[in-house]
Amino acid sequence: MEERKAEGSGLQVRRYADIFMAAYAPGAVSCTARNHTHILVYMYGGELEIREAGDGDGAEATTRTLHRGDCAFVRRDISVQLTKRSYYGMPFKAVFLGFTPRFLRDSHTRLHRAGALPEGVRRSRVNVYPIRRGAAVDALFSELEPYFSEEAGVPSDALLAEKMDAGLRLILDADPEVCASLFDFVKPWKINIMDFMEKHFMQEMSLEEMALYTGRSLSAFKRDFSTFSALSPQKWLIQRRLRAAYDMLAAGAAARVSDACYSVGFKNISHFSRAFRDFYGTTPASLLRHA
């Protein structure tokens with residue numbers, strides 16, 4: 001079991017195997033996350049806003065908001081903006097079940113032998129799927145809530161395994177088409193690096209994550225990127241974000257310098273302003289005044 005507290009946020013996380021519980025003090029915290037495993041989330045209190053960005057291929061951005069008693073399945077390999085906050089005085093409190101490839105492989109073998117898997121289903125296009133409230137949902141998560149407290153001790157391996165299996169059944173019962181997504185073990189094909197970068201340059205991702213989601217190792221990603229640009233991936237990202245910020249400011253699409261800064265993916269206004277001045281020879285504030 002691992003427990004940690006996010007610096008400056010009040011977010012406390014207790015982790016048991018592939019189950020982790022998060023308790024957040026009154027307030028709000030937001031982050032961009034790209035989950036590497038399928039996730040089942042259940043809300044004990046507060047509010048969780050899940051905003052899924054459009055993919056540039058016609059899919060529009062969508063937002064789902066979860067409150068006490070709500071449960072949702074979040075498919076792996078998608079980028080979402082998560083905002084955790086209190087709701088009507090009740091602090092954020094949730095449990096997340098993460099379904100690793102190893103767990104899913106073992107489950108697929110067992111369910112296939114038992115003839116318990118749906119046949120002929122296509123891969124679902126749904127990325128964030130709400131699970132209907134009911135007795136099965138309540139039964140799954142009611143036994144886990146006490147383990148937010150240290151006084152409850154550590155849940156047994158048998159209980160954790162039982163909850164993981166029950167969570168998997170919840171997802172499959174909610175929508176059989178999700179089965180094709182859950183048990184998709186094929187490694188991703190390599191995709192065009194520059195297409196990926198153009199679609200996702202505003203998002204907060206490490207180079208390791210970019211390599212992963214283009215189907216490459218980190219070394220292969222850097223090697224292939226060099227065939228498209230003389231810049232390093234890091235410098236390309238900075239310059240691409242600066243160009244996007246310049247367009248926003250020049251067109252009057254940003255009311256403040258900070259709006260442009262954060263919209264294009266920078267996290268620090270001072271760093272953004274300095275990089276902007278070095279690249280364009282003028283400050284973003286000057287450009288904003290003349291827009």
Side-chain angles (χ1 to χ4, degrees), residues 1-4 6 11 13-22 31-43 48-53 55 64 66 70-84 94-112 117 121 123-131 137 140-141 144 147 155 157 159-189 191 196 200 203-218:
M1 188 271 287
E2 174 189 356
E3 183 171 8
R4 62 181 176 84
L11 181 65
V13 177
R14 296 174 64 83
R15 183 182 295 274
Y16 307 98
D18 296 323
I19 294 177
F20 62 98
M21 306 177 180
C31 67
T32 300
R34 196 170 183 90
N35 52 309
H36 302 301
T37 60
H38 299 293
I39 296 290
L40 185 66
V41 55
Y42 176 82
M43 297 290 295
L48 175 64
E49 181 182 278
I50 307 174
R51 187 178 190 279
E52 180 187 349
D55 62 6
R64 293 189 181 275
L66 307 182
D70 288 340
C71 182
F73 166 70
V74 183
R75 191 168 63 82
R76 73 179 184 188
D77 297 345
I78 64 169
S79 182
V80 291
Q81 182 80 21
L82 301 178
T83 302
K84 311 172 185 73
V95 62
F96 300 81
L97 276 62
F99 300 96
T100 64
R102 180 177 179 179
F103 170 82
L104 290 172
R105 286 182 186 276
D106 291 343
S107 298
H108 182 271
T109 299
R110 173 171 47 82
L111 294 171
H112 178 72
L117 292 176
V121 293
R123 179 167 176 154
S124 173
R125 295 180 61 85
V126 175
N127 291 326
V128 181
Y129 192 96
I131 305 296
V137 174
L140 194 166
F141 294 105
L144 290 175
Y147 293 101
D157 290 342
L159 176 63
L160 295 177
E162 174 190 331
K163 296 308 176 185
M164 295 297 295
D165 287 339
L168 184 61
R169 288 196 300 272
L170 269 183
I171 298 169
L172 293 175
D173 289 343
D175 185 352
E177 286 193 353
V178 176
C179 176
S181 295
L182 276 168
F183 300 121
D184 179 9
F185 305 119
V186 178
K187 292 184 178 180
W189 291 94
I191 64 175
F196 179 87
H200 302 286
Q203 297 176 4
E204 184 179 1
M205 282 189 286
S206 66
L207 289 185
E208 289 79 4
E209 289 176 311
M210 291 181 179
L212 173 66
Y213 294 114
T214 59
R216 294 166 170 85
S217 66
L218 180 59

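Every value quoted in this text rests on a predicted model; they were computed, and no experiment measured them. For the single chain, residues carry numbers from 1 onward in sequence order.
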Just by distance, do the side chain of [X] and the backbone of [Y] share a donor-acceptor pair under 3.5 Å?
| X | Y | result |
| --- | --- | --- |
| His38 | Ser181 | yes |
| Tyr147 | Met21 | no |
| Lys163 | Phe141 | no |

For a quick test of reading the model, state the closest non-hydrogen atom pair linking [X] to [Y] and the distance between them.
| X | Y | value |
| --- | --- | --- |
| Ser217 | Ala211 | O-CB, 3.7 Å |
| Met164 | Ile19 | SD-CG1, 3.8 Å |
| Val137 | Cys71 | CG1-CB, 4.1 Å |
| Leu111 | Leu172 | CD1-CD1, 4.1 Å |
| Ala17 | Leu160 | CB-CD1, 3.9 Å |

Checklist entry - Which class fits the ring pair His200 and Phe196: parallel under 30°, tilted 30 to 60°, perpendicular over 60°? => result tilted
Item to check | CA sep, side-chain torsions, deciding dist, call: Arg102, Asp18, salt bridge (Lys or Arg N to Asp or Glu O under 4.0 Å) | outcome: CA-CA 11 Å; Arg102 180 177 179 179; Asp18 296 323; over 6 Å; no
Distance (rounded to the nearest 0.5 Å) between [X] [atom1] and [Y] [atom2]:
| X | Y | atom1 | atom2 | answer |
| --- | --- | --- | --- | --- |
| His108 | Arg110 | NE2 | CZ | 11.5 Å |
| Leu82 | Arg51 | CG | CZ | 12.0 Å |
| Leu66 | Ile50 | CG | CD1 | 4.5 Å |

Within-4.5 Å side-chain heavy-atom neighbours: [X] and [Y]:
| X | Y | answer |
| --- | --- | --- |
| Pro130 | Asp70 | no |
| Tyr42 | Leu140 | no |
| Tyr16 | Leu144 | no |
| Phe96 | Val41 | yes |
| Arg169 | Asp165 | yes |
| Leu168 | Leu104 | yes |
| Tyr129 | Leu40 | no |

Checklist entry - Which of these passes side-chain contact (heavy atoms from CB on, under 4.5 Å) with Phe73: Asp175, Leu182, Ile39? => result Leu182
Next on the checklist: Please identify which of these residues, Arg76, Arg75, Arg64, meets the side-chain hydrogen bond (donor to acceptor under 3.5 Å, both in side chains) condition with Asn127.
Outcome noted: Arg75
